[in-house]
Amino acid sequence: MILSLNPNSGVPVYLQLMEQIKHAIGTGILRPGDQLPGLRKLAESLVINPNTVARAYRELEHEGVIELRQGSGAFVRQRAAGSTTTQLMKKGERMVKDLVRTLLEAGLSEEEIRRLVEATLLELCGASKSGERRRQTHAGRTGG
Amino acid sequence: MQGELAVEIRGLRKSFGQYHALCGLDLSVPKGSICGFLGRNGAGKTTTFKVLLGAIRADAGQARVFGLSCSERWESLEIRRRTGFVSEQKCLYPYMTVEEVLRFTRPFFPHWDLELEKSYLERFEIDSKLKIPKLSKGYLTKLNLVLALCRRADLLLLDEPTEGLDPAVVEDVLQALVNVNAEFGTTIFFSSHQLHEIEQIADRVVIIDGGRTLLEDSLDDLRAAYRRLNFVFDENPRQAESRLRCYGPLLCEGRSVSLLVKADWEAAAAEARALGARLLDAQPVSLKEIFLRSLKGK
């Protein structure tokens, strides 16, 4: 798993880390049962604060994506939120592809489409990118 | 959320003649954190470090390290035993070699870790036969860091440790800091003008100016709290402008408005929408913008 973070982007680093680990699971780079890098090792290799890695792992465990086993490290959950997410992501990918193609053919530019998507996300999600909201939606999904 | 404090400063004052270096400074650094210390030149950072190390006495207020008072002689001694310091100047005796400096320093610290010393000398590729004046600025910093780290300090106070170093050495230094923090839980309190370094490894920041604290928070909370909102209006937004100004610094160009908002940015977005604006995006804000805003907003 190759992670690349941008500490200067203004997005909390632990959120970036969570996103990238989920992405790695979603795309199959990480499989259920795979072990994640140790907390210290990851902090040192990325040169980021160890507490940040700890927080990302804690939140991922909270969301049911990974499992923290006392003393032996972090592992991707067998029935990780990943498996349902993967299918949803695949479906979503097809839908987005169709939509973007239609808009491009209609003459909108790449940048205009990006802005539209972002503005829509802002509108629908109340612009909230906080972990709180995410956790709620996730809990809802795994629970149902 | 906060546990024990490594550093606790309350109402600290210090004047040098007419010059007021610290004017009621308040700050705290939780144990085990990496805390960035920000401020313009002359803001009082070095004075703060000196008070913490017992090198100068404050005129008023309290400074504690691990609960020990910086102004009590014996407690201050214990603080220095548990604290590693790298000063801006980084001066060492010029007639000594690296090996001699190490041999000279070791006996002062009962918990000196020889193995750690060996591993850092290797990792930093320091030639211990060299005389101090032969060391480049980068190597001098690395050696100072070795001296601070090998006493197995519980707290590192670093005054602009990466100033004037090339990017490769900076990365080495930051990595060493992350390493001791992860490995031994060492608390690190470091000043730097390089905001991206602080963003990279710190979990907390303290911003001071004119000897007072402007802002003190976890970096993640700051990142979550601030947003730059970009709007576009259908007509000249003059009226809306005055309504939105109370939310934070505002930039207006033609029909577009950019607003830097803290905390209640969702309310600001809602108000702008009510005034007829279309929200283009809510961008995350870098530490640099937060820093500059704090200085202006005081």
Side-chain angles (χ1 to χ4, degrees), chain A residues 3-19 37-60 73-74 108-109 111-135, chain B residues 30 32-36 170-186 188 194-204 218-232 261 265-266 268-270 273 278-290:
Chain A
L3 300 163
S4 71
L5 305 173
N6 180 3
N8 313 122
S9 71
V11 178
V13 177
Y14 81 96
L15 283 180
Q16 294 183 39
L17 202 54
M18 286 172 69
E19 278 309 314
L39 202 147
R40 258 190 243 160
K41 222 180 118 199
L42 191 58
E44 279 169 37
S45 68
L46 295 170
V47 195
I48 57 170
N49 194 296
N51 293 331
T52 304
V53 182
R55 179 160 184 196
Y57 278 16
R58 261 201 324 270
E59 301 260 339
L60 283 171
L108 283 186
S109 76
E111 189 51 37
E112 284 163 338
I113 295 172
R114 189 170 296 128
R115 276 176 181 278
L116 273 179
V117 172
E118 274 171 18
T120 311
L121 276 173
L122 276 170
E123 199 87 46
L124 296 181
C125 308
S128 168
K129 283 194 171 177
S130 71
E132 208 44 58
R133 176 176 295 271
R134 246 173 242 228
R135 204 178 299 144
Chain B
S33 69
I34 301 181
C35 181
V170 168
E171 195 70 4
D172 283 347
V173 169
L174 296 183
Q175 195 156 35
L177 297 181
V178 167
N179 174 271
V180 288
N181 176 264
E183 192 103 351
F184 308 115
T186 311
I188 298 170
Q194 305 305 315
L195 300 184
H196 60 270
E197 290 170 5
I198 290 183
E199 287 201 289
Q200 191 177 336
I201 67 163
D203 52 1
R204 283 186 73 79
S218 112
L219 209 45
D220 278 335
D221 288 348
L222 279 180
R223 286 180 176 127
Y226 281 89
R227 282 293 182 283
R228 178 168 287 292
L229 303 178
N230 294 311
F231 302 105
V232 63
V261 193
W265 58 276
E266 272 148 336
R273 275 206 201 94
R278 196 150 52 82
L279 180 59
L280 293 179
D281 47 20
Q283 294 169 346
V285 176
S286 71
L287 182 59
K288 184 175 159 186
E289 273 188 285
I290 296 172

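First the proteins, then the strands, lettered A, B, ... as listed; each starts at 1. Values below: every heavy atom of this structure, side chains too, minus hydrogens, waters and symmetry copies.
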By a 4.5 Å heavy-atom criterion (distance strictly below it), what part of B:Ala176 contacts chain A: side chain, backbone, both, or neither? neither
Name the region of B:Glu289, side chain, backbone, both or neither, that has any atom closer than 4.5 Å to a heavy atom of chain A. neither
Could you report the tightest heavy-atom contact between A:Pro7 and B:Gln200, atom names first, then the distance? CB-CA, 3.7 Å
Spatial distance of atom CG (B:Leu174) from atom CD1 (A:Ile48) [nearest 0.5 Å]: 12.5 Å
Residue among B:Asp203, B:Ile34, B:Asp220 satisfying side chain to side chain contact (heavy atoms under 4.5 Å, CB included) with A:Asn51: B:Asp203
If one checks every heavy atom of A:Leu46 against chain B at 4.5 Å, the contacting part turns out to be backbone
Under the rule for salt bridge (charged side-chain N to carboxylate O under 4.0 Å, His left out), what residues qualify as partners of B:Arg278, not counting sequence neighbours? none
Quick one: pull up CD in A:Glu44 and CG in B:Asn181 and give me the separation to the nearest 0.5 Å. 10.0 Å
Say you draw a straight line from CD of A:Glu118 to CG of B:Asn230; how long is it, rounded to the nearest 0.5 Å? 10.5 Å
Atom pair CG (B:Leu219) and CG (A:Asn49), whose distance is rounded to the nearest 0.5 Å: 9.0 Å
Go through A:Ala54, A:Ser9, A:Ala43, A:Pro50 and name the one with the most non-hydrogen pairs under 4.5 angstrom from chain B. A:Pro50
What residues, two or more places apart in sequence or in another chain, satisfy salt bridge (charged side-chain N to carboxylate O under 4.0 Å, His left out) together with B:Asp172? B:Lys142
To the nearest 0.5 Å, tell me how far A:Gln16 CD sits from B:Arg223 CZ. 7.5 Å
Which bit of A:Asn8 is near chain B, if near means a heavy-atom gap under 4.5 Å: side chain, backbone, both or neither? both
